[in-house]
Amino acid sequence: MEDAANLTGLAPVMLIFISAAFTDNILLTRFLGMCSVLGVSKKVDTSLGLGAAVIFVTTCTSGLNYLVYRYLLVPLELEYLRLIVFIVVIAAFVQFVEMVVERISEGLYNALGIFLPLITVNCAILGVSLFMLGTPYNFLQTLAYGAGAGAGWALAIGIIGGIREKINEQALPRGLAGPGITLIIIGIMSLAFVGFSGMIRI
Amino acid sequence: MILSIGLAVGFLAVMTLFLALLLVFAERRILNYGPCTLDINDGKKTLVVNGGSTLLSSLANNDIFIPSACGGRGSCAYCKVQVFEGGGMIGPVEEPYLSPEDIKENVRLSCQVKVRQDIKLAIPEELFLAKRFRGKLLHKRNLTYDIVELRIALIEPESIEFVAGQYIQLESPEYAGRDAVMRAYSISSVPSDDRHVEVIIRKVPEGICTTWVFEHLKENQEVFLSGPFGEFQLTDTKAPAVFLAGGSGMAPIWSILREMRERGDNRKAFYFFSGRNQDDLFFTKELFALEKELPNFKYVPCLTREDANSNWQGERGRIPAVLPKYIPDAKPFEAYLCGSSSLIDACVDALRQHGIQEPNIYYDKFE
């Protein structure tokens with residue numbers, strides 16, 4: 001067992017990334033970002049597209065929100081505004097990225113752009129920014145935490161997409177098709193992810 | 001206390017204002033594509049438009065109206081045009097609506113193509129003829145409990161040239177928080193009455209345009225429509241015709257039949273109209289009267305759920321079941337179908353079983 005925050009150099013960054021992705025998986029242990037999982041996880045490629053967009057947005061917004069919190073909210077003693085400020089920052093950032101992506105690469109826009117508005121109000125993104133506040137991380141470590149949380153979310157939705165592709169939903173009882181079976185899959189997967197817990201303490 | 005509240009409010013206001021300004025500024029800078037040239041049908045018409053909006057709306061701003069029933073959301077696939085250059089990649093929204101042949105022929109949904117550079121495209125010639133009309137609603141008349149007829153006097157341009165069977169797009173403006181949309185309705189008036197347009201509209205629960213028509217639109221109100229569009233029309237052959245319709249599918253056929261009367265077109269014709277019970281029937285007297293003026297025409301209303309003890313003398317049962325009684329051999333017939341897709345699919349199957357030739361089936365599906 002390692003105590004990540006006490007290490008120096010790049011090692012803690014890696015550890016934070018891995019722990020955020022596996023031991024502290026935001027989807028499977030915190031159950032955040034469920035609505036888009038239930039909605040978009042029908043196929044692997046759309047799942048991974050959404051996953052990639054989430055990785056990008058969690059990384060950037062956790063960094064941005066870290067800076068906003070540290071250099072604006074704390075000096076002004078306005079910490080209690082963090083929730084609303086974070087949401088506004090995330091929404092503006094996503095809008096901005098959507099515009100930039102649309103301008104620079106049509107391929108990327110078609111692959112990721114359509115998912116961006118979907119995740120503007122995704123609770124996983126806001127969750128990452130809020131959880132980050134409870135940690136003693138510096139800026140680089142915060143980025144690693146954001147990227148790790150996003151990667152964990154993407155991994156989870158990718159696996160769920162893969163499983164749902166293999167499941168013949170026609171054969172399920174009607175009430176179980178769609179969200180029902182997805183929730184059961186998520187439950188079983190989160191049991192599996194319990195196996196990672198305790199491996200790294202952060 | 002006051003100070004901290006002021007600080008919090010002030011901070012939030014400044015923060016959101018800053019971000020909003022940033023976004024507005026970014027949109028101006030980033031999404032500004034400058035003037036782009038649209039080359040339509042190999043130079044037949046060239047337009048210079050400001051980039052950034054969709055091809056559909058850029059064309060509409062220049063009085064070229066591509067049909068679009070869904071209002072540009074990419075769900076009706078009416079607005080297909082050929083884009084040869086400058087359309088960019090096929091987006092995920094339009095992909096499901098494009099067949100492999102469409103893709104080979106560079107067909108795109110014009111509502112999903114953004115004008116970002118010079119574009120070369122081709123549209124059907126008839127769309128140059130389509131215009132946007134300003135008109136005035138003369139009357140709104142209930143035909144049944146859920147169907148109304150609108151009669152619109154055209155003001156500018158003041159007359160319309162169309163073929164019986166074509167449709168127009170009616171614009172419903174923004175109201176009560178609903179978006180402005182365009183919806184397609186077949187013209188039920190006759191082409192000779194070129195200063196007016198009549199349409200027949202069935203109420204769609206939660207439908208944006210029909211709710212507007214039923215609850216907000218008043219007589220003498222100004223309305224906008226564009227058209228004519230569509231290829232649904234009677235052929236020039238003398239082949240016997242069978243018309244099949246349900247609900248507001250009456251409209252194009254009502255127009256075609258009345259035009260046949262004007263021209264004295266006395267080809268053999270049957271008209272099967274489907275309804276649940278007598279409340280669904282309209283124009284019944286007029287249609288039976290038409291039988292006298294066109295001796296070879298027969299009107300056959302078919303009711304599926306009419307009360308068994310009622311005074312109804314006509315057919316009871318679905319059209320596919322009634323049809324063989326009148327048309328044992330459908331081989332020489334041409335069929336014209338108009339109505340919901342379930343009705344059309346069932347009737348096309350029945351016609352096929354009775355030997356009609358596939359190319360002789362024409363239909364206009366109301367989704």
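So you know, we letter chains A, B, ... as the sequences are listed, proteins then strands, and number each from 1.
The 12-atom threshold is not exceeded at CG of B:Leu3, counting heavy atoms of other residues, nucleotides or ligands nearer than 6.0 Å. Environment of CD in A:Glu79: crowded, with over 12 heavy atoms of neighbouring residues, nucleotides or ligands closer than 6.0 Å. Within a 6.0 Å sphere centred on OH of B:Tyr363, heavy atoms belonging to other residues, nucleotides or ligands number 12 at most. With a 6.0 Å radius and a threshold of 12 heavy atoms from other residues, nucleotides or ligands, B:Arg318 has its CZ atom at or below the threshold. In this structure, B:Phe18 places its CZ atom where only 12 or fewer heavy-atom neighbours from other residues, nucleotides or ligands lie under 6.0 Å away.
Residue B:Leu22 does not touch chain A at all, counting heavy-atom pairs closer than 4.5 Å. If you measure heavy-atom distances from B:Met15 to chain A, the contacts under 4.5 Å come from the side chain alone. Using a 4.5 Å cut-off between heavy atoms, A:Val89 touches chain B through backbone and side chain atoms alike. Interface remark: A:Leu73 contributes side-chain atoms only to the contact with chain B (heavy atom separation under 4.5 Å).
The shortest distance between side-chain heavy atoms of B:Leu19 and A:Phe93 does not fall below 4.5 Å. The side-chain heavy atoms of A:Gln95 and B:Glu27, taken from C-beta on, include no pair separated by under 4.5 Å.
Counting heavy-atom pairs closer than 4.5 Å to chain A, the top residue among B:Gly91, B:Ala26, B:Ala8 is B:Ala8.
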Worked check of side chain to side chain contact (heavy atoms under 4.5 Å, CB included) between B:Ile30 and A:Glu102: CA-CA 9 Å; B:Ile30 297 177; A:Glu102 187 183 343; over 6 Å; no
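Across every non-hydrogen atom of B:Leu23 and A:Phe96, the tightest pair is CD2-N, 3.8 Å.
Between the A:Arg103 side chain and the B:Arg29 main chain, no donor and acceptor come within less than 3.5 Å of each other.
Distance check, rounded to the nearest 0.5 Å: CG of A:Leu78 to CG of B:Leu7 gives 4.5 Å.
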